[in-house]
Amino acid sequence: MDEQQWIANLLKENDRDAKLTEKQIKILKAAVETFAEKGYASTSTSEIAKKAGVAEGTIFRHYKTKKDLLLAIVIPTLTKVIVPTVAKEFAKDVFENQYESYEDFLRALIKNRYHFIKKNLPLVRIFWQEFAFHPEIKEEFQKAFTENVYQRFKEMVEQFQEKGEIVELPTASIIRMTITTIGGFFLTRFVIMPEHEWDDEVEIERTIQFLMNGLRKR
């Protein structure tokens, strides 16, 4: 999903069911780019206005505060775009497949999320940067994960525990270890050190082997 497709989805799924003006579209697009690049706290409405090619007062006619502008981007996208992706595409592409090993499952999971992040990088950066500071974003994300991902993940872990492939730790612990390790790779790769000359295929395999070295039953 490129930026133009994301904007189209936002307009289509917007809860207000109102057509946005050309200026509003420009403001949203500029806000996505600037929030992703500099973070919410470091971005001024004047910067967004300049990038959008509109007067700063135009922003405040549509959005009372900068936070309203952020939430106009994040919450509708999370609830109307990201959640359906998690519930449908992610489940179909990853959790509904059969795997010979937990290692194969990890490889499918990490590559699926890698391509998803690459396609949605500006928005993903905003989520990462603002997650801890805005309860609205955190609550929606937790709800999406709990309702759409956790149970399927738990069943996958239990399947390979029953086969005797991975250690008999609590499933919640294995899920935590898996998510934090993969999430740490993505965070470093795309947010903390995006300019580093990464060999993504090599780093993905190293991440998988690191996990399996700790989870494989001996």
Minimum heavy-atom separation for [X] and [Y], please, with both atom names.
{"X": "Leu169", "Y": "Gln161", "value": "O-NE2, 2.8 Å"}
{"X": "Ala30", "Y": "Ile48", "value": "CB-O, 3.7 Å"}
{"X": "Met156", "Y": "Phe95", "value": "CE-O, 3.9 Å"}
{"X": "Ile59", "Y": "Thr45", "value": "CD1-O, 3.4 Å"}
{"X": "Arg218", "Y": "Asn213", "value": "NH2-O, 2.6 Å"}

| said: Less than 3.5 Å apart, any donor N or O on the side chain of Ser44 or Glu47 sitting next to an acceptor on the other? | reply: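 Ser44 vs Glu47: donor-acceptor pair found between side chains.
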
Transitive ILVMFWY side-chain link [X] to [Y], under 4.5 Å:
{"X": "Phe60", "Y": "Tyr63", "result": "no"}
{"X": "Val202", "Y": "Leu109", "result": "no"}
{"X": "Tyr114", "Y": "Phe210", "result": "no"}
{"X": "Ile179", "Y": "Val94", "result": "yes"}

What residues, two or more places apart in sequence or in another chain, satisfy salt bridge (charged side-chain N to carboxylate O under 4.0 Å, His left out) together with [X]?
{"X": "Lys163", "result": "none"}
{"X": "Lys67", "result": "Glu136"}
{"X": "Glu56", "result": "none"}

| field | Pairing residues for Tyr99 by the ring pair (Phe, Tyr, Trp, His ring centres under 6.0 Å) criterion, not counting sequence neighbours | value |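 Ring pair (Phe, Tyr, Trp, His ring centres under 6.0 Å) check on Tyr99 returns Phe105.
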
| For Phe186, all residues meeting ring pair (Phe, Tyr, Trp, His ring centres under 6.0 Å), sequence neighbours excluded |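 Here no residue qualifies.
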
| request: Indicate yes or no: does Arg189 engage Glu203 in a salt bridge with an N to O separation below 4.0 Å. | output: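 No.
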
| said: Whether Arg206 and Glu201 form a salt bridge (side-chain N of Lys/Arg under 4.0 Å from carboxylate O of Asp/Glu) is what I want to check. | reply: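 Here Glu201 does not pair with Arg206 in a salt bridge, since their nearest N and O are not under 4.0 Å apart.
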
| said: With a 6.0 Å cut-off (strictly less than), is the heavy-atom count around OH of Tyr150, excluding the residue itself, greater than 12? | reply: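 Yes, the 6.0 Å shell around OH holds more than 12 heavy atoms from other groups.
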
| said: Around atom NZ of Lys66, are there more than 12 heavy atoms from other residues, nucleotides or ligands closer than 6.0 Å? | reply: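 Yes, NZ of Lys66 has more than 12 neighbouring heavy atoms, counting only those of other groups under 6.0 Å.
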
| task | For residues 164-179, pull every pair meeting side-chain hydrogen bond (donor to acceptor under 3.5 Å, both in side chains), keeping only residues two or more places apart or in separate chains. | result |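 Sorted pair list: Tyr102-Thr178.
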
So do [Y] and [X] actually touch side chain to side chain, heavy atoms under 4.5 Å?
{"X": "Met193", "Y": "Thr188", "result": "yes"}
{"X": "Phe185", "Y": "Ile204", "result": "yes"}
{"X": "Ile174", "Y": "Phe153", "result": "no"}

[X] [atom1] to [Y] [atom2] distance, which is reported to the nearest 0.5 Å:
{"X": "Thr180", "Y": "Leu187", "atom1": "OG1", "atom2": "CG", "value": "11.5 Å"}
{"X": "Leu106", "Y": "Lys111", "atom1": "CG", "atom2": "NZ", "value": "12.0 Å"}
{"X": "Glu33", "Y": "Arg125", "atom1": "CD", "atom2": "CZ", "value": "12.0 Å"}
{"X": "Leu211", "Y": "Met177", "atom1": "CG", "atom2": "CE", "value": "9.5 Å"}
{"X": "Ile208", "Y": "Arg107", "atom1": "CD1", "atom2": "CZ", "value": "4.5 Å"}
{"X": "Ile166", "Y": "Gln159", "atom1": "CD1", "atom2": "CD", "value": "9.5 Å"}

| message | If you apply the rule side chain to side chain contact (heavy atoms under 4.5 Å, CB included), what do you find for Arg152 with Glu96, and how did you get there? | response | CA-CA 9 Å; Arg152 291 174 179 267; Glu96 291 185 5; 3.7 Å; yes

| request: With side chain to side chain contact (heavy atoms under 4.5 Å, CB included) as the test, would you mind laying out the steps for Phe116 and Arg113 before giving the verdict? | output: CA-CA 5 Å; Phe116 175 83; Arg113 293 299 85 188; 3.8 Å; yes

| Backbone N or O of Phe190 within a donor-acceptor pair of the Trp198 side chain at under 3.5 Å? |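 Not a single qualifying donor-acceptor pair exists.
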
| query | Where do Ile27 and His62 land on the side chain to side chain contact (heavy atoms under 4.5 Å, CB included) test, with the steps shown first? | reply | CA-CA 9 Å; Ile27 291 168; His62 296 295; 4.1 Å; yes

| field | Chi angles and distances behind the side chain to side chain contact (heavy atoms under 4.5 Å, CB included) call for Lys51, Thr34 | value | CA-CA 8 Å; Lys51 196 176 191 70; Thr34 313; 3.3 Å; yes

| said: I'd like to know whether Arg216 forms a salt bridge (charged side-chain N to carboxylate O under 4.0 Å, His left out) with Glu103, so could you lay out the CA-CA distance, the side-chain angles of the two residues, the decisive distance to 0.1 Å, and finally the verdict. | reply: CA-CA 9 Å; Arg216 187 179 288 112; Glu103 180 176 336; 3.4 Å; yes

